[in-house]
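Just so it is clear, the structure is predicted and the values come from calculations on it, not from any experiment.
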Amino acid sequence: MGTTEAIGLVLARPARLLGAEPFFMEFIAGIEESLAERGYSLLLRIVQHQEEEIATHRRWAARGLVEAVVLVNVTTTDGRPAVLRELGMPAVIAGGLREEPGIPAVSTDAAGPMREALERLLALGHRRIARVTGPAALLHTRVRSDTMRAECAAAGIEPVLVEGDYSAEAGERLTAALLAAPHRPTAILYDNDVMAIAGLGAAKAAGVAVPSALSLVAWDDSAMCRLTAPPFTTMTVDVHRFGTLVAASVLELIDGRPVAGRWSPAARFTPRGTTAPAPGGS
């Protein structure tokens, strides 16, 4: 692909979400830090849909603008890997949950952390547990959802899952709807910190006390989670480290060396002020 000393990353998501969501800022910082040590730069493009992302990859390949690309947010019916193989574009998948022939990945365990989160909530006595998910088309969303359903079934309970889009608007709206239900949950899991913090605001607006009447858990820790009142319990991930691991795999790939098998840092339950025993032992 030439010697452009550039690596490409296309994010198919609304730009307004990118500005509000700390995850990708930390992830990109980790990639750039490692690339800079080798004199490489990151070419970042924000698009609305996966079709635009594929068009960008075709354009980059035709013009020789990047030496490799990073794929994020793999979906259940993802057309990007096949296109990149067709183009001969070297690529690394960030957060791989299934094997893609010819494309190495920094793998992620999406099931284990979900089991840990549920075990913690069940141990606190929660039996009415809901989750505000990310987009259902994302493979890691599906794995988390399948794991949640299986673990809750084993515990003899039925979870409630509602689909969000990682935005504050979704977190607020969906939390308000969950709390207005006849049998409102005593615990809610969120697939990112932005939706979770908006959900805390919705609980306060509804007069539902956190954590005495409602426990909340956010996925992905951030400074925002530590500054809320009360501070947020989270599934904490070292996102910066994730970025450096992805960059290491990309550099091995473009150097023509074998790409080492790597795993992203596992999410771990970090208890803070938004979780407590279920009210009334329910």
Side-chain angles (χ1 to χ4, degrees), residues 1-108 134-141 165-167 239-240 242-257 259 262 264:
M1 300 305 295
T3 55
T4 64
E5 297 187 343
I7 305 302
L9 172 62
V10 185
L11 296 179
R13 62 200 300 105
R16 64 182 177 83
L17 294 185
L18 184 65
E21 192 176 20
F23 178 93
F24 274 111
M25 293 298 95
E26 295 181 35
F27 178 69
I28 290 168
I31 293 177
E32 289 195 313
E33 179 181 291
S34 296
L35 294 182
E37 294 173 0
R38 282 276 303 272
Y40 277 75
S41 59
L42 184 69
L43 179 58
L44 175 65
R45 181 164 174 77
I46 312 299
V47 299
Q48 293 295 312
H49 307 289
Q50 195 174 95
E51 292 76 11
E52 293 179 71
E53 180 175 352
I54 289 173
T56 299
H57 289 151
R58 291 190 182 280
R59 218 164 31 247
W60 284 352
R63 299 176 184 176
L65 293 180
V66 298
E67 295 185 43
V69 297
V70 175
L71 287 187
V72 298
N73 285 340
V74 175
T75 63
T76 54
T77 56
D78 205 313
R80 294 172 298 169
V83 170
L84 292 172
R85 285 191 288 266
E86 170 200 328
L87 295 172
M89 173 77 81
V92 169
I93 296 174
L97 289 164
R98 66 182 175 208
E99 289 190 12
E100 286 289 348
I103 304 179
V106 176
S107 302
T108 293
L138 296 177
L139 189 55
H140 69 260
T141 300
D165 63 1
Y166 295 136
S167 70
V239 180
H240 185 275
F242 186 18
T244 65
L245 292 171
V246 169
S249 290
V250 171
L251 290 171
E252 287 176 349
L253 183 66
I254 62 180
D255 285 346
R257 293 179 285 149
V259 180
R262 294 182 172 88
S264 66

Let's go through Asp78 and Arg98 carefully: what are the C-alpha distance in whole Å and the side-chain angles of both, what is the deciding distance for salt bridge (charged side-chain N to carboxylate O under 4.0 Å, His left out) to 0.1 Å, and is it a yes or a no? CA-CA 11 Å; Asp78 205 313; Arg98 66 182 175 208; 5.4 Å; no
Nearest non-hydrogen partners of Ala61 and Leu87, listed with the distance: CB-CD1, 4.1 Å
Is the closest basic N to carboxylate O distance between Arg85 and Glu100 below 4.0 Å? yes
Locate the shortest heavy-atom distance separating Ala94 from Val70; write the atom from each residue and the value. CB-CG1, 4.1 Å
Of all heavy-atom pairs linking Ile103 and Ala91, the shortest is CG2-O, 3.5 Å
Within this structure, what is the OG1-CD distance for the pair Thr244 and Glu32, rounded to the nearest 0.5 Å? 13.0 Å
Heavy-atom distance under 4.5 Å between the side chains of Leu44 and Leu11, does that happen here? yes
Which residues satisfy the side chain to side chain donor-acceptor pair (under 3.5 Å) test with Glu99, sequence neighbours excluded? none
Can you say whether the rings of Phe24 and Phe27 are parallel (under 30°), tilted (30 to 60°) or perpendicular (over 60°)? perpendicular
Between CG of Leu139 and OG1 of Thr77, what distance do you get to the nearest 0.5 Å? 10.0 Å
With Glu86, which residues qualify under side chain to side chain donor-acceptor pair (under 3.5 Å), at least two apart? Arg58
Within the structure provided, determine whether Leu71 and His57 are in side-chain contact (heavy-atom separation under 4.5 Å). yes
How far apart are the C-alpha atoms of Glu52 and Val10, what are their side-chain angles, what is the distance that settles it, and do they pass the side chain to side chain contact (heavy atoms under 4.5 Å, CB included) test? CA-CA 9 Å; Glu52 293 179 71; Val10 185; over 6 Å; no
Minimum side-chain heavy-atom gap Pro135-Tyr166 below 4.5 Å: yes
Within the structure provided, determine whether Val69 and Glu53 are in side-chain contact (heavy-atom separation under 4.5 Å). no
How close do Pro104 and Val259 get, heavy atom to heavy atom, and via which atoms? CB-CG1, 3.8 Å
Which pair of non-hydrogen atoms, one from Val250 and one from Ala68, has the smallest distance, and what is that distance? CG1-CB, 4.1 Å
Using side-chain heavy atoms (C-beta onward) and a distance below 4.5 Å, is Val66 in contact with Met89? yes
Closest heavy-atom pair, Glu5 versus Glu67, reported as atoms and distance to 0.1 Å, is N-OE2, 2.6 Å
Atom pair CD1 (Ile31) and CG (Leu251), whose distance is rounded to the nearest 0.5 Å: 10.5 Å
Check side chain to side chain donor-acceptor pair (under 3.5 Å) between Ser249 and all other residues, then give those that pass, not counting sequence neighbours. Arg262
Does Arg63 CZ have over 12 foreign heavy atoms under 6.0 Å away? no
